[in-house]
Number of protein chains: 2
Amino acid sequence: MTLPIQTANENCEDCPIRHRAVCARCEPDELHELDAIKYYRSFEAGQTIIWSGDMMNFVGSVVSGVATLTQTMEDGRTQMVGLLLPSDFVGRPGRDGAAYNVVATTDVVMCCFRKKPFEELMARTPHIAVRLLEMTLDELDAAREWMLVLGRKTAREKIASLLAIIARRDATLSTDGRPGQMVFDLPLTREAMADYLGLTLETVSRQMSALKKDGVILLEGKRHVTIPDMRRLMDEAGDDSDGGFLV
Amino acid sequence: MTLPIQTANENCEDCPIRHRAVCARCEPDELHELDAIKYYRSFEAGQTIIWSGDMMNFVGSVVSGVATLTQTMEDGRTQMVGLLLPSDFVGRPGRDGAAYNVVATTDVVMCCFRKKPFEELMARTPHIAVRLLEMTLDELDAAREWMLVLGRKTAREKIASLLAIIARRDATLSTDGRPGQMVFDLPLTREAMADYLGLTLETVSRQMSALKKDGVILLEGKRHVTIPDMRRLMDEAGDDSDGGFLV
DNA sequence: GAGAAACCTTGACCGAGATCAAATTGGAAA
DNA sequence: TTTCCAATTTGATCTCGGTCAAGGTTTCTC
């Protein structure tokens with residue numbers, strides 16, 4: 001499992017672009033040039049950041065908060081195709097139209113660059129493009145991993161897969177520090193989970209209840225989740241390995 | 001619809017890398033350097049080119065033939081996650097292990113570069129990385145488009161979506177040149193179609209028969225397909241637009 | 001051209017997940 | 001606290017696509 005979910009930056013000062021998305025190996029003058037075309041934008045929870053089809057005159061990355069990428073059919077069926085977390089990159093150098101809706105699920109701050117100057121800088125600076133290429137290849141792997149989930153897994157396996165991914169991203173070890181035990185708050189509603197998994201929210205709810213009844217997860221309230229045995233959860237997810245979890 | 005299916009090169013001499021994948025804007029000396037680390041490999045239909053988990057000491061692109069990217073669960077469920085056609089790029093600069101099986105569905109010729117020198121060249125040559133980034137972003141868009149198909153479309157819509165994609169890639173206009181009419185040979189077995197669509201081969205067969213009965217497609221034999229009305233097929237695919245077909 | 005082996009189609013039946021329809025919970029506002 | 005409303009759970013029923021099974025085609029081999 002390698003959805004585009006990543007741990008927060010470790011050494012970020014003010015803008016994740018600087019060291020994760022683009023400039024891990026930038027020279028000072030390149031950083032200065034990036035600074036010159038950089039600006040920040042804030043969004044409230046629920047607000048749409050980008051509409052599918054919009055002109056996009058910027059690229060950027062998430063500084064804080066969570067946003068989702070979704071595609072929608074005209075009859076309303078929607079499929080989430082990605083999750084944007086701090087340090088994740090948005091936008092396409094070399095293309096103007098946005099391909100999906102980007103919606104803030106929490107309050108979000110983005111660090112943006114005007115597209116034209118960014119592209120020009122990229123054309124002169126190999127490691128910026130190389131870094132973006134690496135990130136994009138990671139996202140592609142994640143999207144393809146998710147195609148297996150969507151195409152071939154059962155509802156129970158889908159839920160377990162999603163919980164495993166979220167746990168990997170931002171679970172804390174429980175207070176008693178039992179190895180393999182993880183605790184976290186779900187950052188998604190049941191409906192958002194359903195949109196991610198290609199299910200209905202009723203099925204999500206039923207499978208969450210089933211996993212709880214079977215002791216695979218513990219629930220306090222609707223959102224607070226404890227995984228007593230991560231290995232067990234991975235088994236339920238049907239992953240043929242540890243899913244990269246222990247790598 | 002923008003699966004990683006692309007039309008064949010228009011100006012290719014011997015190696016698609018030269019102008020599509022990497023070197024559309026290469027200087028002569030860069031081309032020469034690429035030549036120095038380039039070699040060709042041939043594969044027979046049915047042969048596995050890369051096993052998931054294998055060490056990959058090369059990157060490259062398809063010169064001729066068709067290959068598939070598949071992921072498999074230990075119980076045998078498999079999901080195709082990409083189709084490789086002439087000019088498509090394979091491999092990850094910056095990563096050693098392959099993430100999926102790559103299988104030749106026809107005889108395939110690949111143009112390969114040893115990974116280390118390729119990475120070094122890329123680190124010095126911005127437009128190589130920029131070009132690969134553009135291609136990878138296209139593939140990412142395609143994968144995400146496919147997530148909608150896998151997660152939210154009905155069996156009939158899935159089949160129609162796949163036919164539309166294949167038609168867009170390599171259909172010829174019919175002899176009478178009727179606008180909107182397209183003719184092509186399916187490059188996939190029913191089982192491969194099922195693996196692409198997250199269905200069983202029986203369901204694929206039934207839906208093909210249904211589309212035929214309803215006049216959406218005409219079949220001669222099992223593989224030769226005529227689309228009398230492309231617009232009608234797009235409607236059956238449930239796409240909210242022309243799916244990029246007329247762009 | 002006979003036989004074999006893929007490949008494909010069709011039918012009967014079943015079940016996982018969708019749909020429709022109430023409850024129930026829980027957090028925020030008053 | 002009480003009310004309210006969105007989020008969630010649970011139940012009853014239905015349906016699409018899966019599963020199992022039997023033939024039918026096409027292609028390859030000898």
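To find a chain, count down the sequence lines: A is the first, B the second, and so on, and within it residues start at 1.
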For the pair made of [atom1] in [X] and [atom2] in [N], what is the distance, rounded to whole Å?
X: A:Arg190; N: D:dT10; atom1: CZ; atom2: C1'; answer: 13 Å
X: B:Lys158; N: D:dC16; atom1: NZ; atom2: C1'; answer: 11 Å
X: A:Arg77; N: D:dC16; atom1: CZ; atom2: P; answer: 13 Å
X: A:Met208; N: D:dT9; atom1: CE; atom2: C1'; answer: 12 Å
X: B:Leu197; N: D:dC16; atom1: CG; atom2: C1'; answer: 16 Å
X: A:Arg223; N: D:dA6; atom1: CZ; atom2: C1'; answer: 11 Å
X: B:Met193; N: D:dG17; atom1: CE; atom2: C1'; answer: 16 Å
X: B:Leu219; N: D:dT26; atom1: CG; atom2: P; answer: 12 Å

message: Can you tell me which nucleotide in D:dT19, D:dT9, D:dG18 comes closest to the side chain of B:Leu199?
response: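 Closest nucleotide among those given: D:dG18.
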message: Please verify the inter-ring angle class for B:Trp146 with B:Tyr196; under 30° counts as parallel, over 60° as perpendicular, anything in between as tilted.
response: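 Correct class here is tilted.
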message: Please tell me whether B:Ser52 and B:Asn101 have a donor and an acceptor in their side chains that are separated by less than 3.5 angstrom.
response: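 Absent: no donor and acceptor within the cut-off.
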- prompt: Does a side-chain heavy-atom distance below 4.5 Å link A:Ile49 with A:Val108?
  reply: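 The answer is yes; the side chains approach within 4.5 Å.
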query: On DNA chain C, nearest-nucleotide positions of B:Ser205 versus A:Lys222: which is more 5'?
result: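 Its nearest nucleotide being more 5', the pick is B:Ser205.
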- prompt: Could you give the distance from CE (A:Met208) to CG (A:Leu162), rounded to the nearest 0.5 Å?
  reply: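 Result: 8.5 Å between the selected atoms.
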All N/O contacts under 3.5 Å from nucleotides 27-29 of chain D to the protein, with atom names and distances to one decimal?
none

Using 4.0 Å as the upper bound for N to carboxylate O, is an ion pair formed by [Y] and [X]?
X: B:Glu236; Y: B:Arg231; result: no
X: A:Arg144; Y: B:Glu139; result: yes
X: B:Asp138; Y: A:Arg92; result: yes
X: B:Arg190; Y: B:Asp195; result: no

task: Test the B:Arg41-B:Phe58 pair against the cation-pi criterion, namely NZ or CZ under 6.0 angstrom from the six-membered ring centroid and within 45° of the ring axis.
output: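 Here B:Arg41 passes the 6.0 Å and 45° test against B:Phe58.
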Hey, does [X] reach any base, or is it just sugar-phosphate, or nothing, if we go heavy atoms under 4.0 Å?
X: B:Thr200; answer: base
X: A:Arg156; answer: nothing
X: A:Leu201; answer: base

- request: Can you check whether any acceptor in the base of D:dG11 is under 3.5 Å from a donor in the side chain of A:Arg206, or vice versa?
  value: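 Present.
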task: On DNA chain C, reading 5' to 3', which nucleotide is the first and which the last to sit with an atom under 4.0 Å from a heavy atom of chain A, could you check?
output: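 Result: C:dG17 to C:dG26.
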